[in-house]
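Working notes for the structure below.
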Amino acid sequence: MATVPTIRLNNGVEIPQLGFGVYQVEPENTVEAVRTALEVGYRHIDTAEMYGNEKEVGQAIRESGIDPSEVFVTSKLNNGFHRRDDALRAFDQTMTDLGLEQLDLFLIHWPLPTIDVDYVETWKAMEEIYAGGRCRAIGVSNFNPHHLRRLFSETDVRPAVNQIEVHPYLANDEVRAFDADHEIVTEAWSPIAQGKVLDDPAITAIAETLGRTPAQVVLRWHVQRGDVVFPKSVTRKRVEENFALFDFELDEGQMATISGLDRGERTGPDPDTFDYVPR
Ligand code: NAD
């Protein structure tokens, strides 16, 4: 079984660079999907309160027989819980639902800069959660540099991670460079743009040259750029395929060709305007 490299976060915690994402995996399919991923060798699961499948993620880990401390688990604070007291309660509920002693990484899912709760208040609640010791690292998701700068000037703990949309059609290099300059690890969500980049002729040509699949080529591009990735699939063959990234390499020209596909195209919402709060 291939060994997945780890990346050291700014507080010393090690995160496996490749994980398994469970966004849009229905709760009734989640135990099976996570079980498959663990069997294949994944030791990093990315979930969120918003995905509605934390209970099933926890169940799959417990039933796998693998020591839970060997599986890196991330969850995220949902948009309706940005006030301090709500955030503390939401974290407790996440821990109850996952049924784990410790969470590896807890993120603010979206900054929601236009709502009536300031994300600086939310980050201070994240700091309290971190100080409580049940969470090994805290971070953010979908934060732009100007959001991060406010955290730097008004709070104490630097986010360990910024999870943002990144794929060949949205290289997001400005945010990635800012993260890197401030010891924040970038995690690339929707790494294959939910499948949209897989038919791109530049990508299929590289895949053909290497005898690999387009998904493997794109995921390998992320790995070589140094980001953390967690592709999602409920199909065993694809789960295996997406894990087999460490026995081949893209050369500089192939990396540059894929990077050249950037067209600033999002598949998801814009973090500066997204304001969805579930009621
Ligand atoms: P993704 O880019 O991982 O694409 C997933 C889709 O691509 C699957 O539904 C499947 O249809 C297809 N696919 C997967 N592997 C394939 C393969 N080998 N060949 C062909 N098709 C394949 O998209 P995603 O699920 O949106 O993103 C991955 C993870 O990122 C999520 O599960 C979640 O954990 C995280 N995420 C986070 C945020 C955020 O706001 N923080 C937003 C979206 C996703």
Side-chain angles (χ1 to χ4, degrees), residues 15-27 29-30 33-34 36-37 40 42 44-54 56-57 72-79 104-112 119 138-144 147 159 161-172 175 179 184-200 203-204 207 212-223 227-245 265-278:
I15 184 170
Q17 195 182 4
L18 174 65
F20 182 69
V22 294
Y23 174 47
Q24 291 176 331
V25 180
E26 295 301 328
N29 300 328
T30 302
V34 174
T36 301
V40 168
Y42 293 77
H44 168 182
I45 312 292
D46 185 87
T47 185
E49 201 275 344
M50 195 186 284
Y51 305 165
N53 53 23
E54 289 172 306
E56 292 75 13
V57 167
F72 191 101
V73 179
T74 300
S75 194
K76 313 185 192 88
L77 181 75
N78 206 345
N79 294 355
D104 294 287
L105 179 63
F106 196 48
L107 308 178
I108 301 181
H109 207 145
W110 288 90
L112 310 175
Y119 53 78
I138 51 172
V140 294
S141 180
N142 301 300
F143 273 50
N144 281 330
H147 305 131
V161 154
N162 187 15
Q163 183 177 128
I164 56 173
E165 181 176 352
V166 185
H167 45 71
Y169 292 161
L170 182 73
N172 229 335
V175 183
D179 290 347
I184 296 171
V185 169
T186 297
E187 298 187 331
W189 65 253
S190 292
I192 56 174
Q194 301 197 328
K196 288 186 199 78
V197 295
L198 301 182
D199 295 329
D200 190 287
I203 289 168
T204 54
R212 293 287 173 155
T213 67
Q216 288 175 320
V217 165
V218 174
L219 294 169
R220 181 70 207 180
W221 171 79
H222 286 284
V223 166
D227 293 350
V228 173
V229 276
F230 23 77
K232 170 253 170 183
S233 174
V234 291
T235 310
R236 187 178 188 109
K237 197 173 151 290
R238 288 175 170 176
V239 174
E240 288 171 348
E241 180 184 319
N242 296 346
F243 193 69
L245 306 180
E265 188 176 292
R266 293 185 184 280
T267 66
D270 183 334
D272 272 322
T273 53
F274 189 53
D275 61 359
Y276 173 70
V277 177

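These values consider heavy atoms only, across backbone and side chains, with no hydrogens, waters or symmetry-generated copies. One-based numbering, in listed order, for ligands and for the atoms of each.
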Measure the distance from [atom] to every protein heavy atom, then report the residue, atom name and distance (to 0.1 Å) of the closest one.
atom                    : result
atom 40 (O) of ligand 1 : N142 ND2, 3.0 Å
atom 28 (C) of ligand 1 : F230 O, 3.3 Å
atom 15 (N) of ligand 1 : N242 ND2, 3.1 Å
atom 43 (C) of ligand 1 : W189 CE3, 3.1 Å
atom 24 (P) of ligand 1 : S190 OG, 3.6 Å
atom 31 (C) of ligand 1 : Y23 CB, 3.3 Å
atom 13 (N) of ligand 1 : I192 CD1, 3.5 Å

Using atom types as modelled and distance alone, determine if a side-chain donor or acceptor of [X] lies under 3.5 Å from a backbone N or O of [Y].
X    : Y    : value
E165 : L170 : no
N162 : T186 : no
H222 : P191 : yes
K76  : F106 : no
T235 : K237 : no

* Is there a side chain to side chain contact (heavy atoms under 4.5 Å, CB included) between F274 and N79 once you walk through the steps? -> CA-CA 10 Å; F274 189 53; N79 294 355; 3.7 Å; yes
When you measure from the heavy atoms of [X] to every atom of ligand 1, does any distance fall below 4.0 Å?
X    : result
F20  : no
Q163 : yes
L198 : yes
P191 : yes

I need the atoms of ligand 1 closer than 4.0 Å to a non-hydrogen atom of [X], numbered in the order shown.
X    : result
A193 : 2 (O)
E241 : 17 (C), 18 (N), 19 (N)
D46  : 33 (C), 34 (O), 35 (C)
W110 : 40 (O)
H109 : 39 (C), 40 (O), 41 (N)
P231 : 3 (O)

* Determine whether N142 and P111 make a side-chain contact, defined as any pair of heavy atoms from C-beta on separated by less than 4.5 Å. => yes
* Nitrogen or oxygen atoms of K76 and ligand 1 under 3.5 Å apart -> no
* Backbone or side chain, does any N or O of A215 fall under 3.5 Å from an N or O of ligand 1? -> no
* **Option nearest atom 41 (N) of ligand 1 (shortest heavy-atom distance, choices S233, A244, G195, S141)** => S141
* **For atom 11 (O) of ligand 1, the option (of Q194, R238, K232) bearing the nearest heavy atom** => R238
Could you go through residues 16-26 and list every donor-acceptor pair under 3.5 Å that involves a side-chain atom there, pairing it with any protein atom two or more places apart or in another chain?
unit_1, atom_1, unit_2, atom_2, d
Q17, NE2, V223, O, 3.0
Q17, NE2, D227, O, 2.9

* To do: For T267 and Q194, run side chain to side chain donor-acceptor pair (under 3.5 Å): C-alpha distance rounded to whole Å, both residues' side-chain angles, the deciding distance at 0.1 Å, then the answer.
  => CA-CA 8 Å; T267 66; Q194 301 197 328; 5.1 Å; no
* Charged N-O contact under 4.0 Å between D46 and K232 -> no
* To do: Begin with the C-alpha distance, continue with both residues' side-chain angles, and end with the deciding distance and a verdict on side chain to side chain contact (heavy atoms under 4.5 Å, CB included) for R212 and R220.
  => CA-CA 10 Å; R212 293 287 173 155; R220 181 70 207 180; over 6 Å; no
* Asked: How are the rings of H109 and Y51 set to each other: parallel, tilted or perpendicular (split at 30° and 60°)?
  -> perpendicular
* Excluding sequence neighbours, so at least two apart, what forms side-chain hydrogen bond (donor to acceptor under 3.5 Å, both in side chains) with N78? -> E49
